[in-house]
Amino acid sequence: MDKVRRAFLRACINHSCLTYDLIDEILTPLCEMHKVTKPNGTEEIKSFVAEIEQTIKEFHQALTFIKHPVSGQDYLVYYLTDPTPDIHLHPNLTAEECQYFSILLDKVANNEECKCLWNMAYSGIDFKNSAKPPKKMRMQELLNEWIDSGYFLEDGDYIYLGPRSILELEFYLRTNYSETIKECMLCRHLVLWDIKCSECDIKLHRNCIRKYLRTRSNCPSCNKQWNTRLSV
Amino acid sequence: MASRTRNTRRTQNVAASQIEDDDEPGPSTRRSAGRGRRSTPQPEVERRDEKLPAILNYILRHIASKVPIKMSQLQQLSGGNNNEQNQRVAAVMELLKEHYGIELKQLPGPGKRLICIADSPIASAYELTKQQRPVYTLLYIILTFIFMRQNVVEDEQLFRFLNLMNIDVNETHSYFGENLKKLIEETFVKQMYLKRERQPITSFSEPKIQLSWGPRAEAEISFDDIIAFSAKLFREDPSFFDQQLNMARRLANPEAYTQRTPSETSSVDLDKDWTEQDLDLSDVEASQLENELG
C-alpha cells in the first residue's frame, strides 16, 4: 500500500487539484497494478489522503479537500503551506509569464465579486514595457494550465480564484486585497463569494450562516433580521 | 512493469557517499571538512533541518518540467559549508525516496546534473494532466520506433515514419498539437528522453542527425512497457516483438548474450513492413493509445 500512497501523492503533485472522479480514475488502475484494495467512498478516500498528508506536513505541504463555492464541487488540493514570493517561479515560465500570473491575480482579487470576464484575462494587460511580453496564444495556454492546476476556476464567462489559490495564497490574499477579500466573521477563513446580508452587505460562508441561523434569525454583523435566501 | 533492472545502466545512483566524493574542481573546503571529521565529528543533518523543505520543494517544483536539476543549485539553496551542503542534499534524497518514491539519479557527463525517477511507472494516463497525455503518447511512439531500430535512427527516418501515421511534424496535429518538431528536437532532448547527435560529416555524405534513447528514457521506461505499447501501436501480439526484446536485452547486457547467432540481431524494417493504411493513426486511436501509457 505504501507504493500506492507514494504513486498517488506523485499524481496529486502533478495535477495539484483533483475532483473525486479523477481520484477514482487514478486509484482504480493504481490499486489493480499493486494488487491492493482500493479505498472506496468519501470517508475511506479522506482517511487514505489524511495518512498521506501526515507524511508531507513537515515539508510545508498539504493535501486538503475543499468545496469551491462557485462550482459547488469538491476538490482535493495539493499545496504549499508556506508559499514564498517566488512560489510561481516555475522552471518552465519566463519572468513575464510569472508577472502575468500576478496581474491576473490582481485583476480577479481586486474585483468586488472576485471574478474577471474571460476575454478580459488577455486584454488590457500592462507588462510595464517588458521586452518580451507573452503573446495572446501563450497567455491562453497558461491560463488553461492554471485553471487545470486549480489556481483559477472557469465558470460561464468568468474566471474566479481557484481552490488552490484560496488555500495556498490565503495569507497573501488576506493581506493584499483586504478591500475586496474579507474573512468570514463566523469561521475566520476567507470568504470571496457565497452569500451577503441584504442589510449590511457583509459576506459570509453559506454553510456558516446556515449553521448560525439554526439558533438565531439575525445577521451576525448588523444584528438585523436575516433576509437573504440560503439556497442557491 | 517488473523489468526495470537494466534501467540503471548509464545513470548512477547518487548516494551520500558519492556526493561526499565530489571530484569537481572547487574550493579546497573538502580537505578542511575532512580534518574537521577527524578531530570533531560533524553531527548528521537533522531531519527537521529548516533548509530541507526548501530544497525538497525546489526539486518537486522541477519534476513536472522534467528538466535536469543542477547539483550546484541544490547546494546553493542549502547554504552552509560543503559538508553541510552534501549532508543536506543527501538527507533530501532520502526523504524523497521514503515519502514520494522519487529517486534522484546523476546523469553521465560533467556538470553534476540530476534527474528524478519514480520508484514505479504510472499505472494509467489519468496520472498525467490533459496537456501531458498527448505529449507522452507521442514520446512513446517515438521511443518505440527507435527501440525497433536497435536504438538509433536518423531524424529523417523518424519523421518519415511519423508521416506514415499521419503526423506531420511541421504542421499542427489535431491531437498532438503544434510545434511537434520543436517538441521532439528540443524539449524531449532537454528532458533527456532523447539523445540527439550529429553524425560526423564526410565528403560523401550530407550531415545527418541521429536520435536514440536518452538517459531518462532508459531509467524510466522498461522494455516490457515498450513492447506492450508496440503491440497496440502496430496491432500485433506482444510475442511478435520477442526478437526486438531479446535484441534490446542483449544490447543492454552484452556479457549475458555472447553466444547468439548474428541473424537474431536483425531489426524489423518498419518502413517496409508497414504501410500507410496499417499505421494511419486517427485522433480517436491516438487518444486510445494514451491508455496504453501505463
Side-chain angles (χ1 to χ4, degrees), chain A residues 2-19 21-36 38 52-61 78-84 86-93 137 141-142 144-150, chain B residues 1-2 46-70 73 77 91-92 95-103 116-133 136 172 177-179 187 190-191 291-294:
Chain A
D2 274 351
K3 270 201 166 178
V4 173
R5 279 194 201 100
R6 291 196 293 258
F8 183 71
L9 172 59
R10 289 196 298 270
C12 289
I13 296 173
N14 193 32
H15 282 281
S16 114
C17 182
L18 304 88
T19 59
D21 285 347
L22 182 58
I23 293 172
D24 194 60
E25 283 167 336
I26 292 172
L27 279 179
T28 307
L30 190 60
C31 292
E32 252 172 47
M33 185 171 123
H34 294 282
K35 298 182 177 66
V36 293
K38 189 183 82 159
I52 299 173
E53 206 203 2
Q54 282 305 318
T55 66
I56 57 169
K57 256 185 176 172
E58 58 179 308
F59 313 124
H60 309 165
Q61 298 165 21
Y78 163 84
Y79 67 101
L80 300 177
T81 51
D82 71 333
T84 47
D86 70 337
I87 196 68
H88 303 295
L89 204 60
H90 192 273
N92 269 354
L93 301 185
M137 283 290 282
E141 212 177 276
L142 285 172
N144 283 333
E145 270 176 35
W146 293 331
I147 287 172
D148 286 340
S149 55
Chain B
M1 306 297 167
E46 287 266 333
R47 277 171 76 102
R48 295 203 173 272
D49 184 329
E50 56 176 24
K51 296 276 186 185
L52 299 189
I55 306 171
L56 190 133
N57 285 325
Y58 176 87
I59 294 172
L60 290 178
R61 270 212 297 275
H62 280 69
I63 281 181
S65 75
K66 305 249 177 182
V67 177
I69 299 165
K70 285 185 189 147
Q73 287 171 322
L77 273 173
V92 167
L95 292 170
L96 276 170
K97 202 169 166 184
E98 187 184 328
H99 297 294
Y100 302 84
I102 293 168
E103 273 187 62
C116 299
I117 305 291
D119 65 357
S120 58
I122 56 166
S124 69
Y126 293 114
E127 292 176 32
L128 303 171
T129 64
K130 272 189 281 174
Q131 288 85 10
Q132 289 167 342
R133 287 173 206 170
Y136 286 97
T172 301
E178 56 189 2
N179 294 329
T187 314
K190 261 191 217 161
Q191 292 177 335
N291 296 329
E292 301 308 318
L293 290 180

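What's counted below: heavy atoms across the whole structure, side chains too, no hydrogens, waters or symmetry copies. A, B, ... follow the sequence lines: proteins, then strands. Residue 1 opens every chain.
- A:Lys3 and B:Asp119 are not joined by a salt bridge, as no carboxylate oxygen comes within less than 4.0 angstrom of a charged side-chain nitrogen.
- Taking 4.5 Å as the limit, every side-chain heavy atom of A:Phe59 sits out of range of all side-chain heavy atoms of B:Leu52.
- For A:His34 (side chain) and B:Ala123 (main-chain N/O), no donor-acceptor pair under 3.5 Å exists by modelled atom type.
- Proximity to chain A (any heavy atom under 4.5 Å) is shown, for B:Gln73, by neither the backbone nor the side chain.
- Contacts between A:Glu145 and chain B at a heavy-atom distance below 4.5 Å involve backbone atoms as well as side-chain atoms.
- The contact between A:Leu9 and chain B is made entirely by side chain atoms (from C-beta outward), counting heavy-atom distances below 4.5 Å.
- Note that CD1 of B:Ile102 and CZ of A:Arg6 are 10.5 Å apart. Values are rounded to the nearest 0.5 Å.
- For a residue to count as touching a neighbouring chain, one of its non-hydrogen atoms must lie under 4.5 Å from one of that chain's; by this rule A:Asn14 touches chain B with backbone and side chain alike.
- In this structure, NE2 on B:His99 lies 10.0 Å from CD1 on A:Ile56, to the nearest 0.5 angstrom.
- The structure places CZ of B:Arg61 at 7.0 Å from CG of A:Leu80, a figure rounded to the nearest 0.5 Å.
- Of the atoms belonging to A:Ile26, heavy atoms from both backbone and side chain fall under 4.5 Å from chain B.
- To the nearest 0.5 Å, atoms OH (B:Tyr126) and CG (A:Asp21) are separated by 10.5 Å.
- Taking CG of A:Leu27 as the start and OG of B:Ser124 as the end, the distance is 9.5 Å to the nearest 0.5 Å.
- Here the side chain of A:Arg10 pairs no donor or acceptor atom with the backbone of B:Ala118 at under 3.5 angstrom.
- In this structure, NE2 in A:His15 is found 7.5 Å from CD in B:Glu127, a value given to the nearest 0.5 Å.
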